[in-house]
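If you read the sequence from its start, that first residue is 1, and numbering goes on from there.
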Amino acid sequence: MAQQVDTTSRPNGVDVEQLVRTVAAIRAQPDLARFTFRARTQWQNGGHSRTTIHGFFGAGTEDTSRTAPFVLEGDEPPVLLGSNQGPNAVEAVLHALASCLAVGFVYNAAAQGIRVESLDFDLEGNLDLHGFLGLSNEVRPGYQGVKVIYRAKTDAPREKVEALCEYVQRTSPVLDILRNPVPVSVTLAD
């Protein structure tokens, strides 16, 4: 987090005092930083799947703050044989990236005393179906590239906003997942 911290209010809706306490607690007990997030997905029909996200482990304990699970629908558009019950998986990745960048931007802006009036992102991901359809071993099945354009209306000068965006890119978990290989194991259960 930023070095100069404004704890006099709740800029951008962020409890900066709690943010400072959280950072201090993790510095004192590094194991508190370890989190395990979980999701359960069940295929419904055709390209439609339903994912529920409920509990997670973090800050040294199982979290029980969520009284009901979040339910996310995933599907494909008709051109990809789906029924539009929800965004497809690669669109969900774009959502995850923008959401993560927004959180990082707003939290760090608040810690620096920067007031954010508005923040929005436009994202595009380019994908070639040759890889997904198994028609080419040379074309990867995932995105070939992702472009993010953001607009921020703040009370800070442009240079400070650009520096904030650079910092957020270095610390974004989802951007890191996309930019760097992550070990993934896939196992068929008994």
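Atom CG of Leu119 sits about 9.0 Å away from atom SG of Cys165, to the nearest 0.5 Å. To the nearest 0.5 Å, atom CD of residue Glu62 and atom OG1 of residue Thr36 are 8.5 Å apart. Atom OG of Ser172 is separated from atom CZ of Phe105 by 13.5 Å, given to the nearest 0.5 angstrom. In this structure, Leu94 CG and Asn88 CG are separated by 9.0 Å, a value rounded to the nearest 0.5 Å.
For Thr51, the side-chain hydrogen bond (donor to acceptor under 3.5 Å, both in side chains) partners are Thr41, not counting sequence neighbours. Taking Ser83 as the reference, Asp75, Gln85 meet the side-chain contact (heavy atoms from CB on, under 4.5 Å) condition, with sequence neighbours excluded. Under the side-chain hydrogen bond (donor to acceptor under 3.5 Å, both in side chains) criterion, His54 pairs with no residue at all, not counting sequence neighbours. Partners of Glu162 by side-chain hydrogen bond (donor to acceptor under 3.5 Å, both in side chains), not counting sequence neighbours, listed by chain and number: Arg158. Glu117 pairs by the side-chain contact (heavy atoms from CB on, under 4.5 Å) definition with Lys153, not counting sequence neighbours.
Looking at Thr22, its side chain does come within 3.5 Å of a backbone N or O of Gln18 through a donor-acceptor pair.
Hydrophobic clustering, with ILVMFWY side chains joined whenever heavy atoms are under 4.5 angstrom apart, keeps Tyr107 apart from Leu32.
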List, one per line, each side-chain donor-acceptor pair under 3.5 Å for residues 177-185, sequence neighbours excluded.
{"residue": "Arg179", "atom": "NH2", "partner": "Gln169", "partner atom": "OE1", "Å": "3.3"}
{"residue": "Asn180", "atom": "ND2", "partner": "Asp176", "partner atom": "O", "Å": "3.4"}
{"residue": "Asn180", "atom": "ND2", "partner": "Asp176", "partner atom": "OD1", "Å": "2.7"}

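Sparse packing is recorded around CD of Gln29, with 12 or fewer heavy atoms of other residues, nucleotides or ligands lying under 6.0 Å away.
Side-chain polar atoms of Gln44 and Arg50 form a donor-acceptor pair below 3.5 angstrom.
Summarising the geometry of Ile114 relative to Asn12, their closest heavy-atom pair is O-ND2, 3.0 Å, with the distance given to 0.1 Å.
Residues Asn126 and Tyr143 are not in side-chain contact: their nearest non-hydrogen atoms beyond the backbone lie 4.5 Å or more apart.
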